[in-house]
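Only one structure is covered here, and it is reproduced in the block below.
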Amino acid sequence: MLNIAWIIIGVVILVVLWLIAAYNGLVRRRNQVDEAWADIEVQLKRRYDLVPNLVETVKGYMTHERDVFEKVTEARAGLVRGGAEDKLRANNALESTLKTLFAVAENYPDLKANANFLELQRELTDTEDKIQAARRFYNGNVRDYNTAIESFPVNIIAGSFGFAEKELFDIDEKGPEGQPVSVK
C-alpha cells in the first residue's frame, strides 16, 4: 500500500511540475512576442520622426502635390492612435503613401539632387529595412506562441489562464499597400 501511495504522489508531483513548466513556457513566449512588438514600435517611431523632415524637404519642390502630403500626414498620425491593429493599418497606409511620395519625387530632378532629401530617403530606406527585420522576428515569435497555445495538452493550460492568440504583422495584399506604385 505504501508503494502505491508513493507512486501516486510521484505522478502528482510530475504532473504539477509539468503544469508549472508549461505555464512558464507560455509566459516566456508571450513576453517574447511583446518584446518583438516593442522592437517594431521603436522602428515605427523612428520612421514617424523622419517623415515630417521628409515632407518639409519635399514641400518646397512639390507645390502641386498637396493630396500626397495630406495622405502622408494622415497615415503618420494613425501610427500614434489606437492599439496594435490600428497601428498595423496605419503602418500599411504610411508605407503606401511614402512609396507614392517617392514615385512623385521622380518628377522633380532638383529634389532628387538635394542632399537633405537623399539623406532622408536613405534613412527611411534603412528604417524600412529594420521594420521588415523586426516584423519577421515578431511574426516568428507569434507563430511559435500561437502554435504553443494551440497544441494539446498545453492548449488546456492556455485556455485556463487566458492566453489568447496573437495576430501576425501582415501586409494586406488586397489593399493599396500590397500593390505596386503607379508612376505617372
Please report the interatomic distance [atom1]([X]) to [atom2]([Y]), rounded to the nearest 0.5 Å.
{"X": "Glu167", "Y": "Tyr138", "atom1": "CD", "atom2": "OH", "result": "7.5 Å"}
{"X": "Leu50", "Y": "Glu123", "atom1": "CG", "atom2": "CD", "result": "5.0 Å"}
{"X": "Leu118", "Y": "Thr125", "atom1": "CG", "atom2": "OG1", "result": "10.5 Å"}
{"X": "Gln132", "Y": "Ile40", "atom1": "CD", "atom2": "CD1", "result": "9.5 Å"}
{"X": "Ile131", "Y": "Arg136", "atom1": "CD1", "atom2": "CZ", "result": "12.0 Å"}

For Val33 versus Asn141, what's the shortest heavy-atom pair and its separation? CG2-O, 3.5 Å

Candidate pair Arg46 and Asp126, rule side-chain contact (heavy atoms from CB on, under 4.5 Å), full reasoning: CA-CA 10 Å; Arg46 181 173 183 234; Asp126 181 51; 3.3 Å; yes

Hey, does Arg30 have a side-chain heavy atom less than 4.5 Å from the side chain of Lys166? yes

Contact check, side chains of Arg47 and Glu95, non-hydrogen atoms, under 4.5 Å: yes

For Glu165 and Ile149: C-alpha separation, side-chain torsions, deciding distance, then whether side-chain contact (heavy atoms from CB on, under 4.5 Å) applies. CA-CA 7 Å; Glu165 190 171 324; Ile149 67 170; 4.1 Å; yes

For residues 150-162, run the donor-acceptor check on the side chains, cut-off 3.5 Å, and write out each pair with its distance to 0.1 Å, sequence neighbours left out.
{"from": "Ser151", "atom 1": "OG", "to": "Thr147", "atom 2": "O", "distance (Å)": "2.6"}
{"from": "Ser160", "atom 1": "OG", "to": "Ile156", "atom 2": "O", "distance (Å)": "2.8"}

Side chain Tyr145, main chain Ala164, donor-acceptor under 3.5 Å: yes

Please list every donor-acceptor pair under 3.5 Å in which a side-chain atom of residues 17-29 meets a protein atom from a residue at least two apart or in another chain.
{"from": "Asn24", "atom 1": "ND2", "to": "Ile20", "atom 2": "O", "distance (Å)": "3.4"}
{"from": "Arg29", "atom 1": "NH1", "to": "Asp144", "atom 2": "O", "distance (Å)": "3.2"}

